[in-house]
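Have a look at the structure below before the remarks.
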Amino acid sequence: MKKILITSIALMVFAFYTGAQNMLVLHPEKAETLINKNIYGHFSEHLGTLIYGGIFVDEDSDIPNTNGYRNDVLEALKELKVPVLRWPGGCFADTYHWRDGVGPREDRPSIVNVFWGGVTEDNSFGTHEFLDFCELIGTEPYLSINSGSGTVREAAEWVEYVTSGNQSPMADLRRQNGREEPWDVKFWGVGNESWGCGGDMRPEYYADIYRHYAGYIRGNNLERVAVGPSSGDYNWTEKVMSGLSDKLHLVQGLSLHHYTLPTNSWSGSKGSATDFEEDQWFSTFKHTLEVEEYIVKHLEIMDKYDPEGRVSLIVDEWGTWYDPLPGSNPGFLQQQNTIRDALVAGVNLNIFNNYAERISMANIAQIVNVLQAMILTDGPEMVKTPTYYAFKMYNVHQDATLIPTSLISEKYEYDGEELPAITSSASVKDGVTNITLTNVNPNNAVNIDCYLNGVDFKSISGQIISADVMNAYNDFGKEEKVNIANFDVKKPNNNILSLEIPAHSVVLLQLK
Ligand code: AHR
């Protein structure tokens with residue numbers, strides 16, 4: 001770290017004297033941290049049309065499906081290589097009673113989804129349906145336990161139902177419900193946003209609740225995740241970590257939630273997903289980039305109570321949150337997704353990669369039809385969003401080794417404020433070096449020199465996600481406007497690769 005800092009200072013001095021504006025220096029000799037593939041994780045809540053309609057339809061529906069799972073969505077998600085999927089919430093998780101969602105469907109009780117549109121939840125998609133779905137798309141499940149309105153017994157029995165291979169009341173019930181073998185579920189969250197929709201708790205109280213639950217969540221190699229802060233709520237992190245400091249063997253992760261709202265206001269308009277000008281473009285990136293400061297400061301607090309760094313940070317909700325799609329149920333959190341969202345994804349994923357030493361998972365909200373979705377459906381139609389393509393492009397970093405970098409970027413200025421135009425991260429896997437870059441400047445391309453000393457390669461190829469206008473999106477029944485295209489790269493000169501990153505674009509370089 002110290003050497004990288006010295007190199008960065010040397011770089012700045014060099015840049016000062018040569019007038020070079022934008023430089024990215026790779027330090028392949030320092031590559032040692034694995035980028036956990038779960039940083040590319042997702043989130044699926046019983047919210048709006050995510051589960052019902054988005055993933056799951058009647059088996060006799062006209063929409064082609066396999067046991068109720070939409071074939072088009074299954075294929076798109078398999079292709080995306082979803083490493084981990086969080087379920088059933090979100091706020092819904094702290095109202096969810098898992099026993100309502102197992103056994104013959106016709107016998108399952110209904111509940112009202114009080115947080116999301118007040119609609120009736122018939123529990124036809126429950127534990128078996130979710131875990132079978134994860135098997136179909138090849139993803140690891142991450143279950144959120146109800147510690148808001150549930151009980152410790154209910155939680156302990158869910159863990160037993162899902163993971164026990166013994167003869168036991170819950171394992172026997174699972175077998176009776178058609179599943180002989182236990183599922184391999186490693187990740188268990190204790191509650192969700194317990195400072196808000198998950199019980200309005202004070203951090204001291206939540207720490208005690210966590211202690212109570214965590215001791216009953218038993219099994220081999222289970223990873224328990226405690227509810228962490230929202231954005232810059234350092235008091236929550238301080239009190240929860242202090243309350244758990246003598247029980248750190250029971251905590252494998254602390255969550256962080258940070259949503260990007262263009263207007264930064266939860267009460268008024270959050271801003272439109274598609275109909276915006278440069279003021280909201282700029283503020284979107286301003287608020288999304290704030291996550292780096294939150295990560296640094298929360299980690300500092302965590303380190304005080306956990307000097308060995310045993311507890312990792314899990315950003316299990318992040319992404320853009322706009323005004324609801326006009327005409328839609330506001331409780332369904334449906335929104336379109338533009339090239340701006342592809343950039344938000346690229347910026348955040350670059351930041352998470354660069355903190356891979358302490359961030360072991362991140363889950364964008366949410367996978368289908370809700371907030372910054374990968375996929376939107378409308379009846380039988382489906383579109384892949386710009387965010388889908390950003391994730392697809394960045395998948396090269398999954399389980400790759402992070403290459404530390406030093407970056408000097410010019411500023412993107414708007415109305416007297418400024419942001420770095422470029423963000424980046426780099427990794428190496430199977431002999432291929434991957435560099436991802438974003439240019440958030442919507443008006444100008446950025447010329448940047450990448451210093452590749454020490455990188456072993458014979459050829460370079462590139463990919464790009466860009467668009468003609470800053471609010472381009474993919475719409476139902478129309479040709480895709482935002483997709484991945486080839487990006488031509490010139491030969492490096494003395495190991496310096498000179499690039500022009502177009503306005504509002506996300507770029508991947510692969511050196512083989
Ligand atoms: O993702 C939508 C909601 O945002 C989740 O249910 C909640 O955890 C957060 O406030």
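Keep in mind the model is a prediction, meaning the values are calculated, not measured. Ligands are counted one by one from 1 in listed order, and the atoms in each one are counted from 1 as well.
- Under the 30°/60° scheme for interplanar angles, the aromatic rings of Tyr161 and Trp98 are found to be tilted.
- Neither the backbone nor the side chain of Trp318 has a heavy atom within less than 4.0 Å of ligand 1.
- Scanning the protein for heavy atoms near atom 9 (C) of ligand 1, the closest one is Glu317 OE1, 3.0 Å.
- For ligand 1, the atoms lying closer than 4.0 Å to a non-hydrogen atom of Gly90 are 5 (C), 6 (O), 8 (O).
- Classification of Lys297 and Glu290 as a salt-bridged pair fails, no side-chain N sitting under 4.0 Å from a carboxylate O.
- Any N or O atom pair closer than 3.5 Å counts here, and His257 shares no such pair with ligand 1.
- Around atom 1 (O) of ligand 1, the closest heavy atom drawn from Tyr259, Trp116, Phe92, Trp321 belongs to Tyr259.
- Ring pair His46/Phe92 is parallel by interplanar angle, where below 30° counts as parallel and above 60° as perpendicular.
- Ligand 1 has a nitrogen or oxygen under 3.5 angstrom from a nitrogen or oxygen of Cys91.
- Dense packing is recorded around CG of Asp107, with more than 12 heavy atoms of other residues, nucleotides or ligands lying under 6.0 Å away.
- Here is the list of ligand 1 atoms found below 4.0 Å of a heavy atom in Glu193: 7 (C), 8 (O), 9 (C), 10 (O).
- Under 4.0 Å from ligand 1, the heavy atoms of Phe43 that appear belong solely to its side chain.
- Taking the six-membered ring for Trp and the full ring otherwise, Phe391 and His42 have centroids separated by under 6.0 Å.
- Under 4.0 Å from ligand 1, not a single heavy atom of Trp266 appears.
- Here is the list of ligand 1 atoms found below 4.0 Å of a heavy atom in Leu371: 1 (O), 2 (C).
- By the 4.0 Å N-to-carboxylate-O rule, Glu160 lies too far from Arg218 to be salt-bridged with it.
- Residues His97 and Trp158 place their aromatic rings such that the two centres sit no closer than 6.0 Å.
- Tyr394 and Tyr40 have tilted rings, their planes meeting at an angle from 30° to 60° on a 0 to 90° scale.
- Distance from atom 6 (O) of ligand 1 to its nearest protein heavy atom, with residue and atom name: Glu45 OE1, 2.7 Å.
- In summary, the atoms of ligand 1 found under 4.0 Å from a heavy atom of Gln366, numbered by their order in the structure, are 1 (O), 2 (C).
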